[in-house]
Amino acid sequence: MPETAVHLGSGKVRELYALDEERLLLVASDRISTFDVVLPTEIPDKGRVLTGLSAFWFARTGHIVPNHLLELRDDGRSLVCRRLEMLPVEVVVRGYLSGSGWKDYLATGAVCGHPLPAGLAESARLPAPIVTPATKAASGHDENIDAATASELVGADRWAEAERVALALYAFASAHAEARGIVLADTKFELGLDQEGTLVLGDEALTPDSSRFWPAATYAPGGAQPSYDKQYVRDYCERLGWDKTDPGPEVPADVVAGTRARYVEAFELLTGLAFDDYLADPQAVLR
Ligand code: Q0Z
């Protein structure tokens, strides 16, 4: 009997379906967003790269926290997942000073209530990684909150557990990435509870869409860092002089090819697997 999937929602670049009461299907498209706008041009296999990377990390971090992965489908772009009760707080771990963290630091000398030494440069490595919770605001954008607010939202003990798990995941993944030439500057985890009330890692994890990946070879604090994956697209958009409002521009074939190559390179460096081998047999990433 074929399964019927009920569409539950769309993210900017992903689709979510219900398979039954207990199982969801997460499908990663080849859509790409930049400056918060989804572009009309797709990056071939981008969804497979992100799905393969998520599955790779889920298969290797079960000793830190259980996760929602039940099955990686043979299309290489969809994950069958356990349905969780997601926490209303996103758990961001930052090892470097970038994005909203850098803005917060400039304004207050702290990031989401974590006091930091004076005189840090943009993109500087932090003395130690910090957890900065966020909530999905009504605008759809993430809104940074402090730890006290996160504790109120999920309970102090649960928040302490989420922080501990997120820091352990970041320590594991950032060491793996840095040894392979990729700086994992920061990353966002989405955690949920299973039917027994156990904390479980959900959504996508440690992908370039949920993280900042920087090339280690050119890392230089003192300014913004190029993105490992999206820099060609961003540079093209800047050269065009697009005003960064919807709709975004079509992207030419050479920029698409260069961007696809960067996604594939990140996949191959992090997994140690040839991307063609993933396409031929996605399950290879789980072994
Ligand atoms: C993930 C999202 C997407 C739109 C809900 N295991 C889970 N249990 C319950 N809920 C979720 C998950 Cl992963 C869940 N999202 C984010 C993903 C499209 C929104 F592909 N929303």
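Just follow the structure's listing: the first ligand is 1, and inside any ligand the first atom is 1. When a residue number appears, it is its place in the shown sequence, counting from 1.
Among residues two or more places apart in sequence or in another chain, the ring-ring contact (aromatic ring centres under 6.0 Å, His included) test is passed with Y96 by W214, Y219.
A salt bridge between R83 and D194 is absent, with no side-chain N of the basic residue lying under 4.0 Å from a carboxylate O of the acidic one. Residues R48 and D75 are not paired through a salt bridge, judged by the lack of any N-O separation under 4.0 Å between the basic side chain and the carboxylate. Classification of R158 and E163 as a salt-bridged pair fails, no side-chain N sitting under 4.0 Å from a carboxylate O. A salt bridge does not link D235 with K230: every distance from a Lys NZ or Arg NE/NH1/NH2 to an Asp or Glu carboxylate oxygen is 4.0 Å or more.
Between F267 and Y278, the ring planes lie tilted relative to each other; the angle falls in the 30° to 60° range.
Numbered from 1 in the order shown, with element, the atoms of ligand 1 that lie under 4.0 Å from a heavy atom of D203 read 1 (C), 13 (Cl), 15 (N), 16 (C). Close approach of ligand 1 to R83 (heavy-atom distance below 4.0 Å) involves ligand atoms 8 (N). Atoms of ligand 1 lying under 4.0 Å from any heavy atom of M86, numbered from 1 in the order shown and given with element: 7 (C), 8 (N), 9 (C), 10 (N), 11 (C), 12 (C).
Around CG of D254, the count of heavy atoms belonging to other residues, nucleotides or ligands within 6.0 Å exceeds 12.
At a heavy-atom cutoff of 4.0 Å, ligand 1 is contacted by the side chain of L24 but not by its backbone. Residue-level proximity to ligand 1 for E85 is absent, since no heavy atom of it falls below 4.0 angstrom. When non-hydrogen atoms are compared, ligand 1 lies under 4.0 Å from neither the backbone nor the side chain of E190. Within the 4.0 Å heavy-atom criterion, the part of L26 lying near ligand 1 is the side chain and not the backbone.
Any N or O atom pair closer than 3.5 Å counts here, and L16 shares no such pair with ligand 1. Remark: ligand 1 and R82 share an N or O pair separated by less than 3.5 Å (distance only, no angle test). Between R14 and ligand 1, no N or O atom pair is found at a separation short of 3.5 Å.
In the model, S210 has a side-chain atom that pairs as donor or acceptor with a side-chain atom of T207 under 3.5 Å.
L84 O, 3.1 Å is the protein heavy atom nearest to atom 9 (C) of ligand 1. Residue, atom and distance of the protein heavy atom nearest to atom 4 (C) of ligand 1 are G11 N, 3.4 Å.
Residue contacts with ligand 1 include S10, since one or more of its heavy atoms lies under 4.0 Å from the ligand.
Taking the centre of each ring, H176 and F56 come in below the 6.0 Å mark.
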